[in-house]
Amino acid sequence: MNKVLLIGSGGREHAIAKALKEGGAKIYAVMKHKNPGIAKLSEDYIIGDHSSVSFVKNLDWVKFRKVDFAFIGPEDPLIRGMADMLEDKGIPVVGPRKDAAIIEGSKEFMRDLMKKHGIEGLVDYYVFTDAKKVEEFLKDYDKPFVIKPVGVTGGKGVWVMGDHFHTKEEGIRYAKRVIEEKIGGEGKVIIEEKLVGEEFTLQVFTDGRNLKGMPLVQDFKRAYEGDLGPNTGGMGSYSMENHLLPFMDDKDYAKAMKILEDIIAAMRREGREYRGVLYGQFMLTAEGPKVIEINCRFGDPEAMNVLSILDSNLVDISWDIIEGRIGKDIKFKNLATVVKYVVPEGYGTSQVMKGEEIKVNPKRIEEEGALLYYASVHEENGRIYTTTSRSLAVVGLGKDLYEAEEIAERALKHISGRIYARHDIAKREMIEKKVKRMQELRAH
Ligand code: AMP
Ligand code: GLY
């Protein structure tokens with residue numbers, strides 16, 4: 001019997017917990033708030049700051065329960081060196097050490113690595129630490145651009161021209177603010193050319209040498225229907241029964257996979273061996289896939305798409321990552337998946353309805369043939385309350401996208417409270433529009 005220490009308390013970690021439990025593991029969880037899904041699957045859990053290396057280090061129970069390995073869900077603990085700390089205590093970890101998690105921790109590191117090793121899919125990028133210099137540069141820059149803090153902001157610090165700002169002057173003001181107010185923690189800003197196309201996510205399991213790609217997923221970052229409103233952690237996502245996307249073929253998949261293989265090889269050459277799950281977020285442009293960002297963990301919600309159809313044992317995969325045996329034998333079912341997140345009213349703004357009760361009927365959701373994953377909710381006396389983040393997600397599984405979408409929608413009917421969800425995700429009309437847009441882009 002494998003005892004696993006699981007770090008994290010979101011929908012992603014609920015999906016990881018479920019897959020590990022189905023693989024025969026006993027779970028010991030560290031979470032920020034009581035996620036009822038993870039709590040139910042765990043032998044024991046502790047509530048506390050799961051991102052704090054010293055908090056986890058000082059947990060005696062980690063030692064007492066003698067866990068066989070740890071699985072770290074979120075980026076924060078990885079970027080801060082949680083894997084190093086646990087490995088130094090003799091606990092193997094699924095998730096990269098600090099020197100490799102920097103691939104997500106610093107967008108500058110990621111872009112420089114791609115440039116140095118001549119990896120395909122790089123965009124034009126420029127890094128500034130001086131507010132005056134960024135202003136001078138942008139004054140003469142004629143193409144549409146994107147402004148990103150170098151450090152981590154959970155996808156929320158990125159401003160895209162045409163979406164989050166419209167004039168160059170607005171862009172200059174924000175770029176200066178990123179430096180002056182140290183948004184993302186570093187006082188550094190990246191200016192990138194704006195890519196046009198369709199976004200997609202490719203996640204892989206890797207032991208530092210070998211990679212196994214997972215089904216492609218498309219995630220929806222904007223808070224409101226029609227892809228409007230502020231960027232969020234992700235409002236939902238879908239994947240198809242053939243593991244591609246409606247606007248992508250296997251050649252595009254192979255190109256994205258090659259980019260991730262080259263990144264893993266480059267990390268090894270740099271002496272930063274990367275073990276765990278690697279997440280590539282790409283834009284499929286007229287010239288092929290370009291890298292938007294690289295993350296050091298599963299995506300959330302994307303983990304719920306792929307883990308819901310994983311047809312291999314996640315405990316075995318974990319050992320294959322740790323022991324350097326990742327092979328081709330990992331399988332996913334040929335089912336489509338649609339994830340829809342339920343979030344508190346006001347999510348995406350500064351006025352989030354936290355502490356509100358959400359009524360959920362898990363039995364009815366199950367009867368609809370959907371899965372339910374809890375995220376940032378807090379359970380108290382059997383009742384469930386919102387926090388400031390995403391609350392819970394439903395996953396519809398089906399023989400095709402539209403069946404999966406209908407199941408997800410039916411499941412949403414059994415959840416009520418001061419909440420909202422994006423009903424447009426993976427609807428036929430939306431998918432057809434995307435396919436048409438991509439055809440037009442490729443025709444030019
Ligand atoms: P990130 O945090 O880097 O994933 O960025 C958040 C979102 O901003 C992405 O999901 C994209 O929608 C958008 N974005 C980031 N970089 C670019 C880019 N170079 N061109 C166009 N859109 C981008
Ligand atoms: N869904 C985007 C992310 O996990 O980074």
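When a residue number appears, it is its place in the shown sequence, counting from 1. Whatever order the structure lists them in is the order used to number ligands and atoms, beginning at 1. This one's a predicted model, so the numbers in the text were calculated from it and none came from an experiment.
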Q.
Whether Glu198 and Arg437 form a salt bridge (side-chain N of Lys/Arg under 4.0 Å from carboxylate O of Asp/Glu) is what I want to check.
A. yes
Q.
Below 4.0 Å, non-hydrogen atoms only: which portion of Thr201 touches ligand 2? Side chain, backbone, both or neither.
A. neither
Q. Is the backbone N or O of Leu284 less than 3.5 Å from a side-chain atom of Lys290, with the two atoms forming a donor-acceptor pair by type?
A. no
Q) Quick one: does Ser312's side chain have a donor or acceptor within less than 3.5 Å of a partner on Lys331's backbone? A) yes
Q.
Less than 4.0 angstrom from a charged side-chain N to a carboxylate O is my criterion; do Lys340 and Glu409 meet it?
A. yes
(Q) Suppose I only count heavy atoms of Gln281 and a 4.0 Å limit; which atoms of ligand 1 are within that range? (A) 4 (O), 9 (C), 10 (O)
Q: Identify which of Arg12, Glu104, Arg297, Glu75 has a heavy atom lying nearest to atom 5 (O) of ligand 2.
A: Arg297
(Q) Check this for me: does any side-chain nitrogen of one of Lys143 and Asp124 sit under 4.0 Å from a carboxylate oxygen of the other? (A) yes
Q: Identify, by atom number and element, the atoms of ligand 1 in contact range of Lys194, meaning under 4.0 Å from any of its heavy atoms.
A: 20 (N), 21 (C)
Q) Is the closest N or O pair between Lys221 and ligand 2 shorter than 3.5 Å? A) no
Q.
For the 3.5 Å polar cut-off, considering only N or O atoms, please tell me whether Leu195 and ligand 1 meet it.
A. yes
Q) Could Arg222 and Asp163 be called an ion pair, given the rule that one side-chain N must be under 4.0 Å from one carboxylate O? A) yes
Q. Should the proximity of Val158 to ligand 1, defined as any heavy atom under 4.0 Å, be assigned to the side chain, the backbone, both, or neither?
A. side chain
Q. Hey, is Glu193 touching ligand 1 through its side chain, its backbone, both or neither, going by heavy atoms under 4.0 Å?
A. backbone
Q) What do you reckon, does Gly299 put a non-hydrogen atom under 4.0 Å from ligand 2? A) yes
**Q.** Under-4.0 Å salt bridge between Glu405 and Arg428
**A.** no
Q: May I ask you to identify, for Tyr279, whether its side chain, its backbone, both or neither come under 4.0 Å of ligand 2 on a heavy-atom basis?
A: side chain
Q: Could you name the option among Val160, Asp219, Val291 that has the heavy atom nearest to atom 14 (N) of ligand 1?
A: Val160
